[in-house]
Amino acid sequence: MAPMQTRLPRAPLVILISGRGSNMRSLVESAAAGELDCDVAGVISNRADAAGLEWAAGRGIATRVVDHRGSQDRRDFDTAIAAAVTDLAGNHPTPWVALAGFMRILGDGFVDRHAGRLVNIHPSLLPLYPGLHTHRQALADGALLHGATVHLVTPKLDHGPIVGQAVVPVLAGDSEPALADRVLSMEHRLYPMALQWLVTGRVSLAAGRVLLDGSDRSHQRVLRHPLLQADAAR
Ligand code: GRF
């Protein structure tokens with residue numbers, strides 16, 4: 001009789017949010033669809049009123065609130081977040097941690113502890129526009145292109161090796177919400193795709209730059225908004 005195939009257990013993924021949680025949803029739905037090879041072990045929010053928490057709980061996902069206002073300082077907050085991650089991940093030594101609209105800065109201790117498995121999505125083409133109000137800045141600069149970046153987290157805010165990017169056009173007459181929506185629709189495709197490369201071991205680093213399957217593959221790592229593809233075909 002042929003030996004039974006034993007499937008390796010999938011690594012746990014803990015998602016940190018602060019609000020709406022649409023990127024969290026895209027990760028959860030991708031994992032449920034078998035397109036992201038990790039188990040969503042739980043969702044943590046620093047705000048009890050984050051809409052994403054209710055959605056996650058409704059899907060039977062474990063949730064925790066770690067309110068930053070209950071911590072004395074950043075180190076205290078980090079310790080509380082780390083404890084919640086460890087608990088949700090069932091003491092797994094190397095869980096994946098995805099920041100998905102998480103609006104607090106994590107300290108070096110937390111970042112070091114999860115280095116290489118701590119990922120963020122940021123709504124700009126980093127290194128342009130780290131921090132807040134990225135869409136406003138792109139409009140003010142008259143940028144033709146804008147987008148989103150998935151990167152490994154390092155102690156410096158919105159910095160760290162770039163895993164993948166999504167590019168969208170900035171259109172004449174765009175409002176901030178219209179541009180944000182266009183970027184967000186691409187974020188929902190980019191985040192699960194880039195995280196899947198990471199969890200399946202396809203990503204390595206060479207001199208601070210991400211390689212996919214050992215080579216640059218920059219074309220594969222940039223998603224283009226449909227409007228850009230139509231333009232290119234003209
Ligand atoms: C997204 O634009 C994400 O890139 C940024 O914050 C926003 C969060 O949106 N970090 P959501 O909570 O995932 O809907």
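Whatever order the structure lists ligands and atoms in, that order sets their numbers, starting from 1. Every heavy atom of this structure was used, including side-chain atoms; hydrogens, water molecules and symmetry mates were not. The chain is numbered in sequence order, starting from 1.
- For His135 and His146, the ring centers sit closer than 6.0 Å to each other.
- Linking Ile, Leu, Val, Met, Phe, Trp and Tyr whenever their side-chain heavy atoms come within less than 4.5 Å puts Trp55 and Leu13 in one cluster.
- Atom CG of Leu205 and atom CG of Leu211 lie 7.5 Å apart (nearest 0.5 Å).
- A distance-only check finds a donor-acceptor pair linking the side chain of Thr149 to the backbone of Leu126 [under 3.5 Å].
- Regarding atom 4 (O) of ligand 1, its nearest protein heavy-atom neighbour is Glu187 OE1, 2.6 Å.
- For atom 10 (N) of ligand 1, the closest non-hydrogen atom on the protein side is Ile121 O, 3.2 Å.
- A salt bridge links Arg69 with Asp67: at least one charged nitrogen is closer than 4.0 Å to a carboxylate oxygen.
- When the heavy atoms of Gly101, Gly21, Ala148, Ser18 are ranked by distance to atom 12 (O) of ligand 1, first place goes to Gly21.
- Among all non-hydrogen protein atoms, the one lying nearest atom 9 (O) of ligand 1 is Arg20 NH2, 3.0 Å.
- Atom 5 (C) of ligand 1 has as its closest protein heavy atom Pro123 CD, 3.8 Å.
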